[in-house]
Amino acid sequence: MRVLSICVISGLIAAATAAAEPVLIGKYPAKVVPEQISDIRLSENGLITDLAEEGKRLKKDDIIAIINKEQTEQDREDMELDLSRERIAKQDEMRKLEAQRRQVAFYLSLSEGERRYNTDYQGTDDAPTAESLKDIDTRIDLLQRELNTLERRKRKEFDRKHDPLTIRMPFDGQLQYNVPLPESAEERRQGFKLPENNMRTFATVCDDSAYYITLSINEGENSLLKEENFSATISLPEGKKLSAPFHHRMVERAGQSDALIYYFRIAQEDHETAYRMLGSRYTAALHYEAEGNVLRVSKAQLAAHPKAADCDSWEQLVAEVYPQHSIIIVGTRDVVLRCPQ
């Protein structure tokens, strides 16, 4: 329950409350932004097929479009044929080595006397040894490793070239195309190319899991207030308002300097409205809810005090009129003071 008392100090009347109404700090340029937003650009201007439906909510890794799909499939077939040829050639070499290994292993299993009757190596000075067996094993292993390396390298080269041609959603969210698309469904299905002079951003995708009102608070004294007590409101047509409580703040690069950006999270039921507001600029009212026993004094009333003519700032005037109080906020219409304990 709010505790209200009337204070009369040096001819001023002010309300002291235990839970003051939010104070209007000021109005700031603001934007509505989604959780994430990303531009989709085409790596090359080829035949576009498999176009995702615009306006439909997509999942991460869902296909937005494919460029030169038919050529990609042809390149895949060519790669697989090349790998098959290499595999057969390597396997033929390995089979020959395995037959040679069996021959060597059989020879080494014979006794000294039995070897005299073996015709495989008669008349040669290079009769196999245990080291010969190890050499064959090494050559077989080397061929297998060469085959594996070749397949891995070929597939990586293929993926590096063709993966960028399949445009996918980077996250769950909504899709909006930024280029003119064929009106005919059949033309979209068969594929189309963009004009060479129209290679701007192909699409924009936004993560609609959350929307925020964002604004920059540059005043040092306001940035030191309790963030969780802030809220922001944007006035909409027909007397409606879009309000959001503080969520988080971030230091972001703005031009040649850094800016402290405050994020106010919009309620789920207002997401459809927030989506339609993306890309536009607004003015947001920033409010602050002061805690504890506070004193709200109208600026107009304070400025009319006889001592105001001798003071150069609100701080100096408050020190003269309310010497036991400290300033919490200098708002647009009010000055909010902390009451003495």
Side-chain angles (χ1 to χ4, degrees), residues 1-31 212-235 239 241-252 254 257-267 282-341:
M1 179 177 179
R2 178 174 295 129
V3 178
L4 179 65
S5 62
I6 302 299
C7 302
V8 180
I9 303 177
S10 302
L12 288 179
I13 299 177
T17 67
E21 294 296 328
V23 178
L24 176 63
I25 293 180
K27 295 189 175 182
Y28 297 80
K31 293 188 298 182
Y212 302 90
I213 297 172
T214 65
L215 52 88
S216 175
I217 300 178
N218 299 315
E219 301 88 354
E221 63 274 15
N222 290 335
S223 66
L224 296 176
L225 295 172
K226 286 187 176 180
E227 308 161 330
E228 60 270 22
N229 292 2
F230 282 123
S231 62
T233 300
I234 294 176
S235 296
K241 293 181 181 296
L242 183 66
S243 297
F246 172 82
H247 188 268
H248 68 279
R249 70 180 189 177
M250 297 177 64
V251 176
E252 299 179 2
S257 61
D258 293 333
L260 183 58
I261 308 298
Y262 284 68
Y263 285 74
F264 301 83
R265 187 160 184 162
I266 297 170
Y282 299 89
T283 298
L286 179 67
H287 292 86
Y288 184 81
E289 187 169 350
E291 298 174 327
N293 292 321
V294 300
L295 189 67
R296 292 179 62 158
V297 184
S298 163
K299 275 185 170 181
Q301 189 180 17
L302 192 57
H305 192 279
K307 293 187 178 182
D310 299 323
C311 297
D312 297 325
S313 66
W314 294 112
E315 289 77 7
Q316 187 179 356
L317 182 56
V318 166
E320 289 287 339
V321 182
Y322 298 97
Q324 302 301 316
H325 294 67
S326 59
I327 295 178
I328 299 176
I329 315 164
V330 177
T332 301
R333 293 186 291 264
D334 302 306
V335 177
V336 181
L337 309 178
R338 178 77 64 199
C339 295
Q341 298 296 325

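In this text, all values refer to a predicted model and were calculated from it rather than measured experimentally.
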Novice: Rounded to the nearest 0.5 Å, how far does CG of Asp334 lie from CZ of Arg296?
Specialist: 4.5 Å
Novice: Which heavy-atom pair separates Ala308 from Ala303 by the least distance, and what is that distance?
Specialist: CB-O, 3.2 Å
Novice: By side chain to side chain contact (heavy atoms under 4.5 Å, CB included), which residues pair with Tyr212, not counting sequence neighbours?
Specialist: Val33, Glu35, Ala210, Thr214, His247, His248, Tyr263, Arg265
Novice: Do Leu260 and Ile217 come within less than 4.5 Å of each other through their side chains, counting heavy atoms only?
Specialist: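 Sidechains of Ile217 and Leu260: no contact.
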Novice: Measuring from atom CD1 of Ile329 to atom CD of Glu289, what distance do you get when rounded to the nearest 0.5 angstrom?
Specialist: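 Spacing of CD1 (Ile329) from CD (Glu289) equals 10.0 Å.
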Novice: CD1 of Ile328 to CG of Leu337: how many Å apart, nearest 0.5 Å?
Specialist: 7.5 Å
Novice: Who passes side-chain hydrogen bond (donor to acceptor under 3.5 Å, both in side chains) against Ser231, sequence neighbours left out?
Specialist: none
Novice: side-chain hydrogen bond (donor to acceptor under 3.5 Å, both in side chains) with Ser243: which residues, sequence neighbours excluded?
Specialist: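 Residues passing side-chain hydrogen bond (donor to acceptor under 3.5 Å, both in side chains) with Ser243: Thr233.
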Novice: Please identify each residue that fulfils salt bridge (charged side-chain N to carboxylate O under 4.0 Å, His left out) with Arg249, with sequence neighbours left out.
Specialist: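 For Arg249, the residues satisfying salt bridge (charged side-chain N to carboxylate O under 4.0 Å, His left out) (neighbours in sequence not counted) are Glu227.
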Novice: Taking NZ in Lys299 as the centre, count heavy atoms belonging to other residues, nucleotides or ligands within less than 6.0 Å. Is the count above 12?
Specialist: yes
Novice: The criterion is side-chain hydrogen bond (donor to acceptor under 3.5 Å, both in side chains); which residues satisfy it with Ser235, sequence neighbours excluded?
Specialist: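 If we apply the side-chain hydrogen bond (donor to acceptor under 3.5 Å, both in side chains) test to Ser235, skipping adjacent residues, the hits are Lys241.
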Novice: How would you list, by chain and number, every residue that makes a side chain to side chain contact (heavy atoms under 4.5 Å, CB included) with Lys226, sequence neighbours excluded?
Specialist: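 Partners of Lys226 under the side chain to side chain contact (heavy atoms under 4.5 Å, CB included) test: Glu228, Asn229, Tyr288, Glu291.
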Novice: Quick one, Phe230 and Ile25 - any side-chain contact, counting heavy atoms below 4.5 Å?
Specialist: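 Yes, side chains in contact.
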Novice: Please find the pair of heavy atoms, one from Ala285 and one from Lys27, that lie closest to each other, and give the distance.
Specialist: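 Heavy-atom minimum between the residues: CA-CG, 4.2 Å.
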Novice: Not counting sequence neighbours, which residues clear side chain to side chain contact (heavy atoms under 4.5 Å, CB included) with Asp258? List them please.
Specialist: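 For Asp258, the residues satisfying side chain to side chain contact (heavy atoms under 4.5 Å, CB included) (neighbours in sequence not counted) are Val251, Arg253.
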Novice: May I ask you to test the Tyr322-Leu302 pair for a side-chain heavy-atom distance under 4.5 Å?
Specialist: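 Contact flag for Tyr322/Leu302 side chains = yes.
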Novice: Given side chains that start at C-beta, do those of Leu286 and Phe264 come closer than 4.5 Å, heavy atoms only?
Specialist: yes
Novice: For Ala259, give me all partners under side chain to side chain contact (heavy atoms under 4.5 Å, CB included), at least two apart in sequence or on another chain.
Specialist: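 Scan of Ala259 (side chain to side chain contact (heavy atoms under 4.5 Å, CB included), adjacent residues dropped) gives Ser216, Ala254, Ile261.
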Novice: Looking only at heavy atoms, which two atoms of Val294 and Cys339 are closest? And how far apart?
Specialist: C-SG, 3.6 Å
Novice: Of all heavy-atom pairs between Ile213 and Leu242, which one has the smallest distance, and what is that distance?
Specialist: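 That closest heavy-atom pairing would be CD1-O, 3.7 Å.
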Novice: With sequence neighbours left out, write down each residue that passes salt bridge (charged side-chain N to carboxylate O under 4.0 Å, His left out) with Asp310, or none if nothing qualifies.
Specialist: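 Counting only residues at least two positions away or on another chain, Asp310 forms no salt bridge (charged side-chain N to carboxylate O under 4.0 Å, His left out).
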